[in-house]
J.: 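My questions will all concern the structure given below.
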Protein chains: 2
Amino acid sequence: MTMTQDADGPRPAPTLEMVAALAGVSRATVSRVVNGSPKVDSELAQAVRKAIQALDYTPNRAARSLAKRRANAVTLIVPEATSKVFADPFFATIVQGIALHLADTDYTLNMVISSESKPEKTRSFLLGGNVDGVLVVSHHSGDHSWTHLSGSLPMVFAGRPFVGGNESYFVEVDNEEAACNATRRLVSSGRQHLATIAGPQDMPPGIDRLAGWRTAVREAGLPDGLVEFGDFTLASGAQAMQRLLDRNVPIDAVFAANDQMAAGAYTAIQGRGLRIPQDIAVVGFDDDSFATSVTPPLTTVHHPITELGKKMAETLVNLIEGRPAERVTRLPTTLVVRDST
Amino acid sequence: MTMTQDADGPRPAPTLEMVAALAGVSRATVSRVVNGSPKVDSELAQAVRKAIQALDYTPNRAARSLAKRRANAVTLIVPEATSKVFADPFFATIVQGIALHLADTDYTLNMVISSESKPEKTRSFLLGGNVDGVLVVSHHSGDHSWTHLSGSLPMVFAGRPFVGGNESYFVEVDNEEAACNATRRLVSSGRQHLATIAGPQDMPPGIDRLAGWRTAVREAGLPDGLVEFGDFTLASGAQAMQRLLDRNVPIDAVFAANDQMAAGAYTAIQGRGLRIPQDIAVVGFDDDSFATSVTPPLTTVHHPITELGKKMAETLVNLIEGRPAERVTRLPTTLVVRDST
DNA sequence: TTGTAAGCGTTATCAG
DNA sequence: CTGATAACGCTTACAA
């Protein structure tokens with residue numbers, strides 16, 4: 001009785017050795033063509049490629065990593081705290097950008113959500129030579145508990161770290177400038193009583209967007225006291241807007257530090273029978289799905305989040321491969337004007 | 001001149017061999033204690049553990065995988081199409097659940113977003129022995145282009161696959177039953193004119209939730225024609241509600257197939273000066289951040305998404321390790337009653 | 001119970 | 001330009 005390949009369990013993947021045999025060359029040669037070495041006879045190369053096709057051969061990553069002392073993998077760290085607050089699409093979108101870029105390289109993306117309870121596990125995973133670089137997306141506060149690793153491993157952050165901003169690699173948009181421009185538009189369209197719903201002041205985006213609003217308001221010679229704070233959630237935006245309205249002072253425009261809070265502001269404004277934009281103009285920040293879902297469609301700052309993720313990945317790969325890389329890359333934003341202003 | 005360890009480049013990670021030397025045992029023994037083999041003298045074990053501590057040793061995954069012919073890694077596949085539609089937190093949340101569970105195992109999670117353009121790359125990665133199992137979360141339609149791999153590799157799906165539901169492993173909630181219960185509550189609270197904003201009919205959740213609504217409506221002897229469809233986005237929910245209202249027939253309750261569409265329905269309803277719940281009761285599905293952000297807080301079906309992710313991971317690991325695993329696990333839902341009904 | 005030694009699939013060095 | 005052959009760091013029979 002002969003062994004036939006039954007459907008019992010996946011048969012082992014073809015190895016480089018098998019390819020070599022089929023092509024009638026040495027393993028070294030196969031390895032060379034697989035890795036695109038220029039110095040290999042083109043006839044042999046053809047033969048090898050044919051064999052690879054025939055066998056549907058894929059190099060074994062583990063063996064490869066072992067031999068090259070390089071994992072060809074990068075890790076995305078998401079602090080557990082951050083991972084719990086995914087009301088906004090920031091995370092998913094940035095991950096998408098990262099994965100999209102990495103798909104064109106031969107780096108693999110692995111994800112860990114780092115529990116603050118036992119960070120050593122994550123730490124030793126990272127330092128155990130299993131990873132060539134690290135991406136940190138902690139939309140949340142300044143908990144960059146990973147900054148210290150940047151001495152041992154290439155790291156790139158999403159957004160300026162709350163601390164250590166002068167040593168770390170990161171990619172962001174110019175939040176202050178973008179907020180300033182958005183606010184200027186409000187001014188130049190004739191609004192006189194500008195308010196803002198600011199984000200948390202322990203997060204760089206919260207800080208910078210408020211600063212941008214202030215700059216624009218002051219340069220217009222207007223008072224800058226109409227500030228209420230939210231935490232980037234829809235509900236907090238609604239509440240902040242209520243507080244603003246409760247002050248009983250004239251308000252004819254409001255800049256919200258993100259679209260979710262802007263959407264919240266909508267409910268508060270419209271709930272009081274006021275009209276957007278006739279009574280109050282609203283501009284947001286992010287240009288996420290809220291911006292178009294809401295009525296009237298929201299004028300907002302386009303935040304290129306996917307690009308941000310791509311750029312993070314690109315920077316990290318450059319770092320890993322010893323190519324020059326920008327320490328801080330700042331992506332451009334644009335104001336997209338819709339019907340709320 | 002002697003070499004001192006300067007801060008030039010990360011020093012190589014300690015190896016098992018170094019641990020063995022320090023502890024005065026053979027590598028085999030170290031390997032045994034690392035892998036928790038029972039048959040090792042407890043004194044030696046202590047010594048080894050001490051050495052591991054001292055050196056801050058972490059096993060090299062590549063080497064380990066190579067030796068055991070097992071990657072200790074699972075891959076999460078996100079179809080590119082799916083990844084573009086992240087208005088709702090489903091993706092982030094389920095990933096969180098997966099990562100959370102995996103954190104307690106020694107499986108690594110890697111993510112690929114599979115471009116439909118060149119699926120072979122993904123395919124060969126998966127089949128190249130780099131991964132022990134696959135998780136597929138394609139919230140989107142029935143594009144389970146991966147089902148065919150399930151012969152070669154353990155796979156678990158998020159939600160019942162549109163096709164192949166009888167062979168695949170998957171975890172889901174009983175959408176039909178949940179929708180039915182939610183609708184029954186509307187009936188039992190005295191509502192007579194029930195409408196629904198259904199999801200896309202090429203997605204199992206869309207289909208099942210509509211079916212559940214129908215069942216409840218029919219068993220109450222009420223007409224089941226008040227149906228409009230959306231695509232699970234806020235905007236589509238608003239539009240569907242407009243169409244419903246435009247029919248100019250009495251409506252005193254509506255079941256939306258998810259919370260985002262319910263939120264959209266809110267704007268349409270309140271935009272016409274109708275009150276929730278006095279004029280129209282609303283119930284949603286998912287219990288995501290919208291449910292509490294909205295005014296009045298939304299009565300909705302709690303969808304245990306994090307648990308879903310955890311269960312997916314758990315099932316997959318069981319499958320990989322040859323333990324028994326449920327082919328379909330259905331997680332319980334609960335109706336959380338807030339102020340919209 | 002512990003150690004020896006033979007792989008695991010690739011890459012890299014070094015002759016030829 | 002090609003082919004032996006020695007690593008790479010760990011696991012695992014097989015001996016002792």
J.: Can you pull out the residues from residues 30-44 of chain B that lie within a 4.0 Å heavy-atom distance of DNA chain D?
T.: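 Within this stretch, B/Ser31, B/Arg32, B/Asn35 sit under 4.0 Å of the strand.
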J.: Roughly how many Å is it from CD in A/Glu17 to P in D/dT5, rounded to a whole number?
T.: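 Taking atom P of D/dT5 as the reference, CD of A/Glu17 is at 13 Å.
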J.: Once you round it to whole Å, what is the distance between P of D/dC8 and NZ of B/Lys68?
T.: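 Checked: the NZ to P distance equals 22 Å.
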J.: In terms of heavy-atom contacts, does CD of B/Glu321 have more than 12 from other residues, nucleotides or ligands at under 6.0 Å?
T.: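 Result for CD/B/Glu321: enclosed.
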J.: Hey, which of B/Asn35, B/Asn72, B/Asp106 is the one that makes side-chain hydrogen bond (donor to acceptor under 3.5 Å, both in side chains) with B/Arg64?
T.: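 By the side-chain hydrogen bond (donor to acceptor under 3.5 Å, both in side chains) criterion, B/Arg64 pairs with just one of B/Asn35, B/Asn72, B/Asp106: B/Asn35.
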J.: Of B/Val48, B/Leu16, B/Ile52, which is the lone residue that meets side-chain contact (heavy atoms from CB on, under 4.5 Å) with B/Val34?
T.: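 Among B/Val48, B/Leu16, B/Ile52, the one meeting side-chain contact (heavy atoms from CB on, under 4.5 Å) with B/Val34 is B/Ile52.
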J.: Can you check whether B/Ser168's main-chain N or O pairs, donor with acceptor, with B/Arg327's side chain at less than 3.5 Å?
T.: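 Judged by distance alone, yes, a pair lies under 3.5 Å.
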J.: Side-chain N or O of A/Ser26 less than 4.0 angstrom from OP1 or OP2 on D/dA4?
T.: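 It does not, given that no N or O in the side chain of A/Ser26 lies less than 4.0 Å from OP1 or OP2 of D/dA4.
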J.: For B/Arg27 and D/dT12, give me the distance from atom CZ to atom C1', rounded to whole Å.
T.: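 My rounded result for the distance is 12 Å.
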J.: Would you mind reading off the distance between A/Asn60 atom CG and C/dT11 atom C1', rounded to a whole angstrom?
T.: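 Distance check: A/Asn60 CG to C/dT11 C1' gives 13 Å.
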J.: Could you check which of D/dA4, D/dT12, C/dG9 has an atom nearest any side-chain atom of B/Ala28?
T.: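 Nucleotide nearest to B/Ala28's side chain: D/dT12.
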J.: Okay, side chain of A/Asn318, backbone of A/Arg323: is any donor-acceptor separation there less than 3.5 Å?
T.: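 Answer holds: no.
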J.: Please report the distance, rounded to the nearest Å, between CZ in A/Arg64 and P in D/dG9.
T.: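 The answer, rounded to whole Å, is 18 Å.
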J.: Grab the CZ-P distance between B/Arg70 and C/dG9 for me, whole Å please.
T.: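 To the nearest whole Å, that distance equals 16 Å.
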J.: Closer than 4.0 angstrom, basic N to acidic O: yes or no for B/Arg123 and A/Asp56?
T.: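 Salt bridge between B/Arg123 and A/Asp56, a charged N being under 4.0 Å from a carboxylate O: yes.
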J.: Could you pick out which residue, B/Val25 or B/Leu66, lies toward the 5' side of DNA chain C when each is mapped onto its nearest nucleotide?
T.: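 Its nearest nucleotide lies further toward 5', so the answer is B/Val25.
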J.: Could you go step by step and tell me if A/Val112 and A/Leu126 meet the side-chain contact (heavy atoms from CB on, under 4.5 Å) rule?
T.: CA-CA 10 Å; A/Val112 334; A/Leu126 296 180; 5.6 Å; no
J.: Nearest whole angstrom, please: distance from the P of D/dT11 to the CZ of B/Arg69.
T.: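 Checked: the CZ to P distance equals 13 Å.
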J.: Compare the minimum distances between each of C/dT2, D/dG3, D/dG9 and the side chain of B/Thr15, then state the nucleotide with the smallest one.
T.: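 The closest nucleotide is D/dG9.
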J.: Between C1' on C/dA5 and CG on B/Leu16, what's the gap in Å once rounded to a whole number?
T.: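 The answer, rounded to whole Å, is 15 Å.
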